[in-house]
Each structure stands twice: as structure tokens, then as C-alpha cells.
Undergrad: 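Shown below is the structure under consideration.
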Amino acid sequence: MQKTLKSHGTWIGKWTFVLAATGSAVGLGNIWGFPYKAGTEGGAAFVLIYLLCIVVIGVPIMISEILIGRRSGNSPINAMKKSAVDSGASSWWQLVGWTGIIAGVFILSFYSVIAGICLNYIFISASPNELLSASEQFGQVTSSPENLIFWHTIFMVLTLLIVSAGIEDGIGRMVKILMPLLGFLLIFMVIYGMINGAFLKALSFLFTPDFSNVGTDTFLSAMGQAFFSMSLGMGSIMAYGAYMPKEQEIVSTSFSVGSLDTLVAILAGLAIFPIIFAFNLEPGSGPGLVFVSLLSAFNQMEFGQLIGPIFFILLSIAALSSSISILEPGVAYLAEEGFLSRKQSAITISALCWVIGIGTATGFNIFSAVDSSGETINPFLNLVEMISVQYLQPFGGMMIAIFVGWFMSESLIKNEIKTINPLLYKLWRFFIKFVAPLSVVSIFISQLT
Ligand code: TRP
């Protein structure tokens with residue numbers, strides 16, 4: 001017997017799902033993570049492997065998440081449970097929804113701290129401190145727990161306000177404003193790089209592959225990046241799929257979202273690297289690429305006090321349209337079960353993320369540590385990131401692929417994706433049954449060894 005669950009509503013308009021899912025996908029992962037990883041992992045070779053992962057793992061899992069979500073119309077926990085029970089499989093499959101929610105709480109806890117730093121940088125880049133270098137500036141920002149917690153709180157409250165307002169009036173309405181703005185700012189930054197930066201050098205860096213340094217590490221990092229960037233394996237896309245109108249085409253929509261996500265990652269590279277190369281800065285400087293290298297370029301260049309804030313506003317918008325999708329699955333669950341109202345659910349889960357986020361905020365300063373190579377690290381951030389991004393998220397993605405590939409009844413699947421080309425369907429089945437699960441298993445094995 002299935003009890004009736006509270007409904008959440010649906011996206012209004014054909015484009016809202018695409019905007020919301022792209023908003024979820026496009027985030028710190030694209031604009032902060034992708035360029036610095038491409039920078040440290042050898043440029044174009046990384047980009048190519050990343051593209052391969054998007055096509056053979058990312059898009060097939062995205063199709064699976066959306067179809068599970070849409071057929072039930074519920075939060076990932078209940079969506080997994082219903083699809084399993086209706087396919088004659090065990091209701092234990094709902095655990096995949098639970099691990100997703102746990103992963104989401106961890107991910108949002110540190111995502112919000114980093115996004116808070118982006119908010120802070122809007123102001124820092126607008127009025128740079130003449131006495132400090134960019135790396136001293138970054139040191140000053142991260143050395144103060146009060147400062148980090150302050151911006152973390154602001155970001156968490158923004159996320160909470162949007163999610164509590166619901167699907168149509170909150171998330172749906174916000175993505176219709178945020179996403180066009182994001183596109184506009186990004187194109188502006190790329191054109192700026194074309195005119196004023198070392199654009200050709202950036203192009204050849206991102207598109208001339210050199211496979212000499214490619215190892216298993218490159219594959220792992222590209223696959224992890226693809227999972228994170230497409231928001232897979234924790235229920236963000238499944239939750240959003242639940243609000244997708246029945247007549248919308250799942251397969252082509254997934255391709256659109258995957259392409260837009262990739263396009264934004266590459267455009268972010270084309271916005272950042274021309275500036276980096278024009279000022280002779282290091283493309284492989286790692287996580288500090290936008291906060292240190294790029295800031296130092298903004299500080300030196302003409303109109304940097306204008307271009308810098310534009311860039312960090314862009315980054316903050318991208319982060320906000322993602323954080324709402326990380327919060328949504330858990331909120332949807334508590335609200336549809338009738339335990340709490342949507343607003344109370346949003347407050348409860350945000351508060352939990354906020355508290356755990358204090359660990360990341362203080363890990364930069366009070367509780368920082370030094371690793372064996374003498375570098376200062378944030379042990380708490382590394383721990384929560386490892387649990388959520390390196391283990392729970394690929395695990396969730398793998399379980400979703402296994403469920404749809406091996407356990408979900410094909411008639412239920414075909415009900416959701418009626419008009420697919422038969423060859424494409426076979427290809428998708430193959431990727432979801434074999435390629436995606438085996439790829440993830442190989443990540444895990446190589447992490448152990
Ligand atoms: N994809 C987003 C980014 O690139 C972050 C994100 C949103 C996410 N939802 C997610 C990551 C779910 C993992 C799981 O920044």
C-alpha cells in the first residue's frame with residue numbers, strides 16, 4: 001500500500017526544466033573547478049577525456065535520474081522506492097535516495113563556504129587593498145573564521161529563501177532570472193578576454209592535446225569532475241525531474257543540459273586563461289587559480305575594479321543556482337511526507353548544512369593542518385569532500401545506473417522515453433548497464449590501491 005504524498009507542483013513553461021537543470025549543473029564545478037583542473041592536468045588532454053566521460057557516463061545517468069524522478073513526481077527517496085516496488089524489486093532501493101541526501105548535506109556544507117568566499121570577492125575585487133598581494137589577500141580572507149562564517153551564512157540564507165518559496169515561485173522563478181544573467185556575464189567575460197587577453201594562447205592551451213602526462217589519475221579526476229559538474233548521483237537532477245511536465249522529451253533535454261554544462265565549463269576557461277596568460281601567470285596554480293592568480297590580474301589591469309566584480313558576481317550566481325538544487329531533494333522529502341512544511345524543512349536542512357560548514361570555515365584557520373609535503377591543508381574540508389564527492393556521489397550514480405540497467409522494468413522505462421530512436425536506446429542501455437557501473441567500480445578500485 002502506498003500512501004499519498006504531498007505534491008510539489010511542476011515547472012511552468014517548456015524551458016524551466018532546462019534552465020533549472022543547467023543552473024544545477026553549472027556552478028563552482030564549471031567556473032572554479034574545471035579551469036583549475038584543466039590547468040593542473042595538462043590542458044586539452046584533460047578536456048578531451050572529460051568530454052568522453054560526459055557522453056558515456058554523464059548523459060546516460062542524467063537520463064536515468066530524470067526518468068525515475070518524473071515517473072513518480074516525488075523526492076528521490078520516494079521516487080526510488082516507487083520505481084523499485086513497481087518493477088517488482090526491493091523497496092530497499094530507496095537507500096540510494098538516502099545516501100544522496102546525506103551526500104547533499106555534506107556537499108552543501110562546504111559548497112556554501114566556498115560560494116561565500118566568492119561573494120566576499122565581489123567586494124574585494126572592487127576595492128583592492130594596495131598593501132597586500134593577491135595571495136596575501138586570500139590568506140587574509142581565509143584566516144578569519146568570523147569572516148568565512150559571515151559569508152557562509154549569507155549564502156546559506158539566500159539558498160534557503162529560494163528553496164522555501166517552492167518550485168514555481170522560488171526555484172523556477174529564480175532560474176529564469178539568474179541563468180540569462182549568467183549567460184550574459186559569461187559571454188561578456190569571454191569577449192573581454194578575446195579583445196584584451198592572450199586569447200590564442202588560451203585556445204591552444206585548451207584545445208591542443210598533449211597525452212604525454214595522461215595517467216590513470218587524469219581519468220579519475222576527469223570522471224569525478226564530470227559527475228560533480230553534472231550534479232549526478234545525489235538526487236539533484238532526480239528531484240528536478242519530478243517537476244518536469246510529462247510531454248517533455250527526456251533524452252534530448254539531457255543532451256541539451258550536458259552540452260550547456262560543457263559549453264559553460266569551456267567558456268569559463270576561455271574567460272579566465274586569456275587573462276592569466278596576458279599577465280604571465282601560472283595556469284597550473286590549482287584551487288587558487290581564480291582567487292589568487294586571477295585576482296592579481298584584476299588588480300593590475302585597467303578597469304580591473306569593474307571586471308573583477310563582474311566575474312565574481314558571475315561565479316556567485318552560478319553557485320546559487322547550484323546550491324538550491326543540492327538542498328531540494330532533502331527538503332522535498334521532508335515536505336512531501338508531511339513531517340514539516342516546505343519552509344520548515346528548508347530551515348532544518350539548511351541549519352544542518354550551516355553547522356557542518358563551520359568545520360570547513362574553521363579548517364582554513366584554527367584547525368588547519370600541515371600535510372607530509374609541508375603544505376597547509378583544510379583537513380575537515382578534505383574529509384567531507386572525500387566522503388561526499390569521492391565516495392557517496394559516484395556510488396549513488398553507480399547504483400542508479402545498476403537499478404535502471406538491471407532492475408527497473410523496461411516497460412516503465414519506455415513509458416517515460418517513448419520516442420527515442422531504437423539505436424540510441426540500445427546504446428544508452430549498453431552505457432547504463434556496463435560502461436557507467438564499471439567505470440565507477442574502477443574509480444573505487446584505483447582509489448584503494
Ligand atoms: N554541479 C554543480 C557544480 O558544478 C554542483 C552541484 C549541484 C552538485 N548539485 C549537485 C554536485 C549534486 C554534486 C551533486 O558546481
Side-chain angles (χ1 to χ4, degrees), residues 19-38 50 53-54 57-59 61-62 65-66 69 75-76 96-97 99-118 155 159 162-163 171 175 178-179 182 186 221-241 254 257-258 260-269 287 290 314-332 349 353 384-400 440:
L19 289 176
T22 307
S24 167
V26 169
L28 296 175
N30 304 61
I31 302 174
W32 168 68
F34 178 82
Y36 96 67
K37 286 181 193 161
Y50 174 76
C53 294
I54 293 283
I57 308 170
V59 173
I61 296 185
M62 180 168 278
E65 284 205 27
I66 299 176
S75 74
V96 177
T99 58
I101 287 175
I102 295 166
V105 167
F106 284 135
I107 294 174
L108 190 51
S109 78
F110 70 80
Y111 203 85
S112 168
V113 176
I114 312 278
I117 300 179
C118 300
F155 187 82
T159 305
I162 298 175
V163 173
I171 302 179
V175 294
L178 294 178
M179 296 316 286
L182 183 143
L186 185 60
S221 147
M223 188 167 9
Q225 175 66 21
F227 260 101
F228 188 83
S229 187
M230 289 189 71
S231 307
L232 299 173
M234 65 126 309
S236 279
I237 297 293
M238 199 182 285
Y240 277 8
S254 302
V257 176
L260 284 169
D261 182 52
T262 309
L263 183 70
V264 172
I266 290 173
L267 287 179
V290 302
L314 164 68
L315 197 51
S316 306
I317 290 176
L320 188 60
S321 65
S322 297
S323 62
I324 52 183
S325 77
I326 309 178
L327 185 57
E328 176 61 23
V331 172
I349 301 183
C353 298
V384 281
E385 209 234 28
M386 183 179 80
I387 298 173
S388 56
V389 177
Q390 291 179 38
Y391 291 101
L392 290 177
Q393 203 197 345
F395 173 78
M398 176 181 78
M399 294 311 280
I400 289 165
V440 177

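Every number for a ligand or one of its atoms is a count from 1 in the order of the listing. If you read the sequence from its start, that first residue is 1, and numbering goes on from there. Note that the structure is a prediction, hence the values are computed from the model and not measured.
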Undergrad: Surrounding OH of Y36 (heavy atoms of other residues, nucleotides or ligands, distance under 6.0 Å), is the total greater than 12?
TA: yes
Undergrad: Under 3.5 Å, side chain of S321 to main-chain N/O of A318, donor-acceptor pair present?
TA: yes
Undergrad: Just so I know, are the side chains of Y240 and V257 near enough to count as touching, which here means a heavy-atom distance under 4.5 Å?
TA: no
Undergrad: Any idea which residues sit under 4.0 Å from ligand 1, heavy-atom distances?
TA: S24, A25, G27, L28, G29, N30, I107, Y111, F228, S229, S231, M234, S236, S322, S325, I326, Q393
Undergrad: Quick one: does S109's side chain have a donor or acceptor within less than 3.5 Å of a partner on C353's backbone?
TA: no
Undergrad: Looking only at side-chain N and O atoms, does S231 offer a donor or acceptor that is under 3.5 Å from a partner on S236?
TA: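 Per modelled atom types, S236 and S231 side chains form no pair under 3.5 Å.
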Undergrad: I want to check something: taking the side chain as every heavy atom from C-beta on, are I400 and M238 in contact at a cut-off of under 4.5 Å?
TA: yes
